[in-house]
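In the text below, chain A, chain B and the rest are named by the order of the sequence lines, each starting its count at 1.
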Amino acid sequence: MIALCDVNNFYVSCERVFNPSLWHRPVIVLSNNDGCAVARSNEVKALGVKMGVPFFQIKNLVKQHNIAVLSSNYALYGDMSQRVDDIIALYSDQVENYSIDECFIRFNGHEHVNLVQHAEKMRQQIWQWLGLPVCVGIAPSKTLAKVANHCAKKLANVPSVFKLDTESKIQKALKNLPVKEVWGIGRQLSKQLNDMGIATALQLRNADLKSMRKRFSVVMERTILELRGIACIEFDADPEKKKQIICTRSFGEKITRLELLKEALAYHVTRACVTLRQQQSQAQSITIGIRTNAFNANSKQYSNSITIKLPQASCQTNLFLKAATQGVEKIFRLGYEYKKAGIVLNDISDAGMIQADLFMPQADDNKALMSVLDDINNRFGKGTLRSAQEGFNEDWVMKSEIKSPAYTTRFNEVIKVI
DNA sequence: TCTGGGGTCCTAGGACCC
DNA sequence: TCTGGGGTCCTAGGACCC
């Protein structure tokens, strides 16, 4: 059996832990740049606010219902997520972290215990120690565990830990589930399925495997098998390293000058390379992209990207900084208002796996420099030591106007109880 | 006026090989 | 009029997820 443990309304729940005034109020947490609603309390969901709605479109609703609105505080959410993981580790050593607020858990070796009771104890401990509400779905496959979790969260007569183990329970759950809600079935596929007369998860489960594989793909085939209780999506407790590292941001203000784009890109390159070194990897190619505001139909649009391949894989910030600067000079066009810039590191491999070039001098790998840089920044805080290319302008920094304190990760922001 | 960010996997098609 | 067969690797684009 596989369990899916998921924190309810995660970002909102994290905010509520440290701010009781939010307990009985509708709450929204915004995306980066205070752009969209990305987390909603149940009260807000009940008001019909959809995931990802632009904030400016719901400003009236916010006023009308006295909704509390917060910028996202990833230092807080990341730290709380780690604390949840620590508690879950007390209950199983087979955990696949699937996202910041959910994980799959296996209980091999726990066949003698009652899984529902075991998971219920875990749920209560997370609530008691952290004040975070979680639901747990248990089933024979990941996709069904997702369904079970969905039932636990959405259905009034279903407990917070819910096991889908008998054929009749599975049938009943799937019969009432729109096919769009199935893990792996998104907007495009559900539209096609609906056109075929497949509206519920149960109908999808009963569809003909061969013809579905032919019409769609192996992904669809696997989803159907998973709904039948045949686990075929791998459980991976030890995820591989990232295969690409992306750092992108929208700007708080529109930008027209190349110089500022370079600074923003330098900042992104720096962050990406830290991640790269943390997972002991190196990358050989970098893509640099810039774009105007695609939503603004009245402004002149431009978007472009360029990929630069390094002669050798590396994890040195300075090499990627140089590449990013050269790249953006090539794609920059004067006369546009830029809204977003970012970079992607690709061709990632394990650090030290160098395919040398017979005719090139051995690259100076600057290992010592990078590790001193990382050490100092780890000890004294991000950005203590940084490249001057990042500049000292703040023109492009994203908006984050209503952010809560870093309650758990910064000493001078820890709550004082007097 | 105001619209996020970071990932994964799969497939088709092109280029190339013998 | 007739034009092989069997592969690999890479990339772009599309779908999905949270």
At under 4.0 Å between heavy atoms, what does [X] touch on the DNA or RNA strands: base, sugar-phosphate, or nothing?
X: I245(A); result: sugar-phosphate
X: K142(A); result: nothing
X: D101(A); result: sugar-phosphate
X: E102(A); result: sugar-phosphate

Item to complete: Specify the residue among D34(A) and R213(A) whose closest nucleotide of DNA chain B lies further upstream toward the 5′ end.
Response: D34(A)

Worksheet item: Between K340(A) and K399(A), who's closer to the 5' end of DNA chain B by nearest nucleotide?
Response: K399(A)

Worksheet entry | Terminal contacting nucleotides, 5' and 3', DNA chain C versus chain A (heavy atom, 4.0 Å) | dA15(C) to dC18(C)

Item to complete: Go through the steps to decide whether T408(A) and R83(A) satisfy the test side-chain contact (heavy atoms from CB on, under 4.5 Å), and finish with yes or no.
Response: CA-CA 11 Å; T408(A) 61; R83(A) 289 166 193 245; 3.6 Å; yes

Salt bridge check: are [X] and [Y] linked by an N-O gap of less than 4.0 Å?
X: E234(A); Y: K142(A); result: no
X: E259(A); Y: K262(A); result: no
X: E221(A); Y: K214(A); result: no

Fill in: Of all pairs that satisfy ring pair (Phe, Tyr, Trp, His ring centres under 6.0 Å), the ones with a partner from residues 299-321 of chain A, not counting sequence neighbours
Y302(A)-Y336(A)

Worksheet item: Tell me, which pairs form a ring pair (Phe, Tyr, Trp, His ring centres under 6.0 Å) where one or both residues lie in residues 256-296 of chain A, sequence neighbours left out?
Response: Y267(A)-W396(A)

Discussion item. Would D208(A) and S211(A) count as a side chain to side chain donor-acceptor pair (under 3.5 Å) here? Give the steps.
Written reply: CA-CA 6 Å; D208(A) 178 67; S211(A) 62; 3.0 Å; yes

Discussion item. So, using side-chain hydrogen bond (donor to acceptor under 3.5 Å, both in side chains) as the criterion, who are the partners of D85(A) when residues are at least two apart?
Written reply: N97(A)

Practice prompt. For S250(A), enumerate each residue passing the side-chain hydrogen bond (donor to acceptor under 3.5 Å, both in side chains) test, keeping only those at least two apart in sequence or located in another chain.
Written response: none

Discussion item. As a check on the pairing definition, encode DNA chain B in dot-bracket form, counting Watson-Crick and G-U wobble pairs whose two distances are under 3.5 Å, and using | for partners outside this strand.
Written reply: ....||||||||||||||

How close do [X] and [Y] get, heavy atom to heavy atom, and via which atoms?
X: F235(A); Y: Q94(A); value: CZ-O, 3.3 Å
X: V147(A); Y: A173(A); value: CG1-CB, 4.2 Å
X: N149(A); Y: C135(A); value: ND2-O, 3.0 Å

Practice prompt. Any pair with a residue in residues 13-27 of chain A that passes side chain to side chain donor-acceptor pair (under 3.5 Å), sequence neighbours left out, goes on the list, sorted by first then second residue, please.
Written response: E15(A)-Y77(A), E15(A)-S404(A), R16(A)-E43(A), N19(A)-S21(A), R25(A)-N66(A)

Fill in: Sequence neighbours excluded - side chain to side chain donor-acceptor pair (under 3.5 Å) pairs with any residue from residues 178-189 of chain A
Y98(A)-W183(A)

Discussion item. Can you pull out the residues from residues 270-299 of chain A that lie within a 4.0 Å heavy-atom distance of DNA chain B?
Written reply: R271(A), N293(A), F295(A)

Item to complete: Pull out every residue in residues 225-232 of chain A that has a heavy atom closer than 4.0 Å to any atom of DNA chain B, ordered by number, or say none.
Response: none

Item to complete: List the steps, then state whether side-chain contact (heavy atoms from CB on, under 4.5 Å) holds for C14(A) with L132(A).
Response: CA-CA 7 Å; C14(A) 289; L132(A) 291 175; 4.2 Å; yes

Fill in: From N194(A), T223(A), T200(A), residue fulfilling side-chain contact (heavy atoms from CB on, under 4.5 Å) relative to V179(A)
N194(A)

Worksheet item: dG4(B) and dC17(C): how far apart are their C1' atoms, nearest whole angstrom?
Response: 15 Å

Worksheet item: Would K121(A) count as a cation-pi partner of Y91(A), with NZ or CZ less than 6.0 Å from the six-membered ring centre and within 45° of the ring normal?
Response: no

Practice prompt. Give me the residues of residues 177-196 of chain A where at least one heavy atom lies under 4.0 Å from an atom of DNA chain C, by number, or none.
Written response: V182(A), W183(A), G184(A), I185(A), G186(A), R187(A), Q188(A), L189(A)

Discussion item. Below 4.0 angstrom, which residues in residues 41-64 of chain A have at least one non-hydrogen atom near DNA chain C?
Written reply: none

Fill in: Spacing of I58(A) atom CD1 and K50(A) atom NZ [to the nearest 0.5 Å]
12.0 Å

